[in-house]
Amino acid sequence: SSGINAEYGISVDFGSGDKLKERCEAIFDMCEGESFDRVYLFNNHGGNDTRLADTYDDAQEITDYFVLNMVSFQVLTAVFLKRFPGVTHMCVNVSSMCAKKAFPSMSLYCSGKAARLMFYKCLAEDKPDVRVLNYSPGPMKTTMTENFHLTMADQRTREKFRRFNEGEIKWVDTDESAKKMLVIARDNNFTSGEQIEFYD
């Protein structure tokens, strides 16, 4: 912004498709009247799953998952890009290795991450004037992952996360990964649409 440091607090339900566009627009309505040199969308909302792929036979459950993890992701991005005309936009998808590699007990999660990655790759092709970054932050201990060693249906995945939790494999530090993402976005030297891994 032009010498403005502002913080806004808003809670948005991304899990329902009803009036989703209006709820997304309300986020950016809070910035009306301010001027910006560059605007960023860091898109990291969503959820996980822990079951085997062949157990998902409830169409509504699957639909609800993808409304939260893909549909709202697309709508929020589209609304963002219509705001702040004449200003450079950067869209950052907090991605995952799961966008490129299948993992047991994570079929919906991997599918959602893969869809988000491809959507942003297509966005980069459709809108060359928009900077598009897919950033994979590495495996981090969060409220989502801390109990995977107990909740994952597949024993191999439980064992992998047990090794993380017991220190046999090192988690990526959340602050370190976030700082790397911000440096990449700030330096703006990446190929638009590509996925950059924390370990790159």
Side-chain angles (χ1 to χ4, degrees), residues 1 3-15 24 27-28 30-31 34 36-49 68-70 72-77 79-81 83-84 87-101 103 106 109-110 112-121 123-124 130-149 157 160-161 163-200:
S1 65
I4 299 173
N5 293 311
E7 293 184 10
Y8 303 98
I10 186 170
S11 178
V12 178
D13 177 13
F14 289 116
C24 290
I27 298 171
F28 304 111
M30 301 178 72
C31 302
E34 295 189 10
F36 299 91
D37 302 315
R38 182 184 296 267
V39 288
Y40 298 81
L41 175 64
F42 291 92
N43 211 329
N44 189 35
H45 69 277
N48 66 286
D49 69 307
L68 172 62
N69 288 278
M70 186 60 203
S72 61
F73 175 85
Q74 291 178 268
V75 173
L76 181 63
T77 300
V79 170
F80 170 71
L81 292 175
R83 296 297 183 101
F84 317 109
V87 175
T88 299
H89 291 68
M90 181 178 291
C91 296
V92 181
N93 168 34
V94 180
S95 188
S96 170
M97 186 186 299
C98 295
K100 296 182 173 182
K101 178 178 171 60
F103 289 90
M106 302 182 77
Y109 185 78
C110 290
K113 287 295 187 180
R116 288 163 67 133
L117 172 60
M118 184 52 69
F119 177 73
Y120 264 25
K121 283 180 172 290
L123 175 63
V130 174
R131 299 292 291 150
V132 181
L133 171 63
N134 293 289
Y135 176 70
S136 176
M140 299 183 293
K141 188 172 185 178
T142 66
T143 53
M144 186 181 84
T145 60
E146 62 183 355
N147 291 317
F148 277 0
H149 66 296
T157 307
K160 184 68 174 263
F161 283 97
R163 295 178 65 199
F164 273 115
N165 280 345
E166 295 185 4
E168 297 177 23
I169 308 174
K170 187 178 180 182
W171 293 106
V172 172
D173 181 77
T174 52
D175 288 341
E176 183 181 355
S177 187
K179 287 176 183 176
K180 180 168 183 176
M181 176 181 66
L182 292 173
V183 168
I184 293 169
R186 181 199 65 195
D187 292 349
N188 199 18
N189 291 324
F190 57 89
T191 300
S192 192
E194 73 174 322
Q195 174 153 313
I196 297 178
E197 306 284 339
F198 171 79
Y199 295 109
D200 287 348

Under a 4.5 Å cut-off applied to non-hydrogen side-chain atoms, are [X] and [Y] in contact?
X	Y	answer
E176	K179	no
F28	F84	yes
V172	P137	no
M181	F42	yes
F164	H149	no
W171	T145	yes
P139	F161	no
Y120	Q195	no

So, for [X] and [Y], which heavy atoms are closest and what is the spacing to 0.1 Å?
X	Y	value
C91	L123	SG-CD2, 4.3 Å
K141	N165	CE-OD1, 4.1 Å
Y109	D49	N-OD1, 2.9 Å
L117	N93	N-ND2, 4.0 Å

Heavy-atom neighbours of [X] [atom1] exceed 12 at 6.0 Å:
X	atom1	result
M144	CE	yes
M70	CE	yes
K121	NZ	yes

Please walk me through it: do F80 and C24 pass side-chain contact (heavy atoms from CB on, under 4.5 Å)? CA-CA 8 Å; F80 170 71; C24 290; over 6 Å; no
Output the distance between atom [atom1] ([X]) and atom [atom2] ([Y]), rounded to the nearest 0.5 Å.
X	Y	atom1	atom2	result
T88	Y40	OG1	OH	9.0 Å
S72	D13	OG	CG	9.0 Å
I169	R163	CD1	CZ	4.0 Å
K113	M106	NZ	CE	9.5 Å
F198	S177	CZ	OG	5.5 Å
L41	L81	CG	CG	8.0 Å

Cation-pi, F190 ring and R131 (6.0 angstrom, 45 degrees): yes
Between D173 (side chain) and D175 (backbone), is there a donor-acceptor pair under 3.5 Å? yes
Has R116 got a side-chain atom pairing as donor or acceptor with N69's backbone, closer than 3.5 angstrom? yes
Go through the steps for V12 and L76 under the test side-chain contact (heavy atoms from CB on, under 4.5 Å), then give the verdict. CA-CA 11 Å; V12 178; L76 181 63; over 6 Å; no
Which is it for N188 and M90 under the side-chain contact (heavy atoms from CB on, under 4.5 Å) test, yes or no, and what are the steps along the way? CA-CA 9 Å; N188 199 18; M90 181 178 291; 3.5 Å; yes
